[in-house]
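Let me begin by presenting the structure, written as structure tokens, before commenting on it.
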2 protein chains.
Amino acid sequence: MSRKQSVTDSDVGDMLTQKGYRRTAGRMALLEILSKTRRPLSIAEIIRLWKKDPLDQATLYRALEDFARTGVVHRSDLNTGTARYEYLHGRPHHHHLVCAKCELVEDVEVCVITEAQKKVLQRSSSFTAVYSHNLEFFGLCTACSKV
Amino acid sequence: MSRKQSVTDSDVGDMLTQKGYRRTAGRMALLEILSKTRRPLSIAEIIRLWKKDPLDQATLYRALEDFARTGVVHRSDLNTGTARYEYLHGRPHHHHLVCAKCELVEDVEVCVITEAQKKVLQRSSSFTAVYSHNLEFFGLCTACSKV
DNA sequence: ACACTAATGCGAATCATTCGCAATAAAACC
DNA sequence: GGTTTTATTGCGAATGATTCGCATTAGTGT
Ligand SMILES: [Zn+2]
Ligand SMILES: [Zn+2]
Ligand SMILES: [Zn+2]
Ligand SMILES: [Zn+2]
């Protein structure tokens with residue numbers, strides 16, 4: 001009776017079709033991994049979670065960049081040297097809390113920047129539009145603060 | 001009568017001495033370039049502004065990392081793929097406005113995050129401290145918005 | 001089944017940044 | 001001044017992340 005898994009699978013597939021992508025095994029698996037994780041994943045983490053056969057990193061990079069370009073996933077650079085990709089689950093954009101020691105990443109759902117962004121534009125001398133912002137917080141997670 | 005240039009020079013040298021660095025021609029020239037520019041400079045920009053003889057990028061990277069570690073300059077990663085370094089002129093930290101097309105960078109002097117940062121920590125489930133944040137705004141500069 | 005083209009796989013290339021190590025040259029010491 | 005100590009340099013080579021070129025494979029629509 002439980003159709004949850006298959007529904008999820010077909011959801012991911014439908015999403016691919018809707019966005020004009022082809023429903024390939026690789027991109028299905030990639031979206032599965034991303035959609036099951038509610039935080040940005042690095043390439044290394046994705047590779048670790050990868051269960052399908054071989055995995056070519058060029059293909060992986062291309063799929064991720066492809067998804068990011070159409071907003072299917074969001075790419076964030078958290079000053080850790082490598083990009084991370086996150087499935088947004090339909091949520092609006094949000095921010096992150098990054099442990100300076102172990103690079104643990106936690107989602108920060110609230111955004112307090114929207115009005116400030118308008119002020120930034122007003123005060124700017126050489127910009128005519130501000131479309132978006134990146135905001136990351138850095139600190140120590142519980143585990144790392146004990147050491 | 002005008003001692004401005006020489007005073008600036010010796011200031012930069014004094015700063016090196018105070019921080020325990022050696023007063024070398026290279027690091028003097030580097031600090032000159034950084035201190036004369038009120039926005040973060042990429043390595044490529046620094047090389048372009050470099051007037052001294054040859055310039056070894058390993059040496060440059062090491063000096064910049066060295067300066068950043070002791071707070072002489074601030075390193076910022078603005079999602080442009082390359083790090084930028086900025087002399088703070090004693091100012092508190094601030095944020096940036098980045099043109100999505102040409103990567104023009106403008107300083108945003110105000111910071112509206114301080115109180116929000118406390119809230120983020122309170123709401124966090126796995127962090128015990130938040131020390132800092134990065135905030136960058138992305139938009140279009142006047143020149144790029146005309147095209 | 002066929003045509004069209006997105007997506008893949010492979011290797012090699014590129015780009016930013018870092019490393020190893022011997023050579024230099026400040027700063028400190030006699 | 002001459003000597004020691006050690007930061008800094010210079011060079012080349014390594015690393016690591018990301019991208020490119022191109023032939024091959026495989027969805028999708030007809
Ligand atoms: Zn997130
Ligand atoms: Zn926001
Ligand atoms: Zn700045
Ligand atoms: Zn701030």
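Since this is a predicted model, take the numbers as computed values, not measurements. All chains are named by letter (A, B, ...) in the order of the sequence lines, taking the proteins before the strands, and each is independently numbered beginning at 1. All heavy atoms count here, side chains included; hydrogens, waters and symmetry mates do not.
Close to D:dT9, at under 4.0 Å from its OP1 or OP2, lies a side-chain N or O of B:T24.
When the nearest nucleotides of DNA chain C are assigned to A:D56 and B:A58 by heavy-atom distance, the more 5′-ward of the two goes with A:D56. For the pair B:A63 and B:Q57, nearest-nucleotide mapping onto DNA chain D gives the more 5' position to B:A63. Comparing A:A25 and B:R75, the nucleotide of DNA chain C nearest to each residue sits closer to the 5' end for A:A25.
In this structure, the salt bridge (Lys or Arg N to Asp or Glu O under 4.0 Å) partners of A:R84, at least two apart in sequence or on a different chain, are A:E45, A:E103.
Taking Ile, Leu, Val, Met, Phe, Trp and Tyr as hydrophobic and joining them when side-chain heavy atoms fall under 4.5 Å apart, one finds B:L140 in a cluster with A:Y131.
Heavy-atom minimum distance, A:R23 versus A:L16: CA-CD1, 4.2 Å.
When the P atom of D:dA17 is taken as reference, atom CG of A:L78 falls 15 Å away, rounded to whole Å. If you take OH of B:Y21 and P of D:dT9, they are 11 Å apart, rounded to a whole angstrom. As rounded to whole Å, 12 Å separates atom P of D:dG10 from atom CG of B:L30. Here the P atom of nucleotide D:dG16 and the OH atom of B:Y61 are 16 Å apart, to the nearest Å. Distance CD1 (A:I43) to C1' (D:dA17): 9 Å, rounded to an integer number of Å.
Residue-level contact check: B:A83 touches the backbone only, with heavy atoms under 4.0 Å from sugar-phosphate atoms and none from bases. Residue contacts for B:R62: at a heavy-atom cut-off of 4.0 Å it reaches a base atom on one of the strands shown. Within 4.0 Å of B:T59, counting heavy atoms only, lies at least one base atom of the nucleic acid.
The closest side-chain donor-acceptor pair between B:H133 and B:H95 falls under 3.5 angstrom.
A salt bridge does not link A:K119 with A:E115: none of the charged nitrogens is closer than 4.0 Å to a carboxylate oxygen. A salt bridge between B:R91 and B:E86 is present, with a side-chain N of the basic residue lying under 4.0 Å from a carboxylate O of the acidic one.
For A:E65, whose side chain is taken as the heavy atoms from C-beta onward, the closest listed nucleotide among D:dA17, D:dT19, D:dT8 is D:dT19.
Protein chain B contacts DNA chain C over a range whose 5' and 3' limits, counting nucleotides with an atom under 4.0 angstrom from a non-hydrogen atom, are C:dA16 to C:dA27.
Between the side chain of A:T142 and the backbone N or O of B:S126 there is at least one donor-acceptor pair closer than 3.5 Å.
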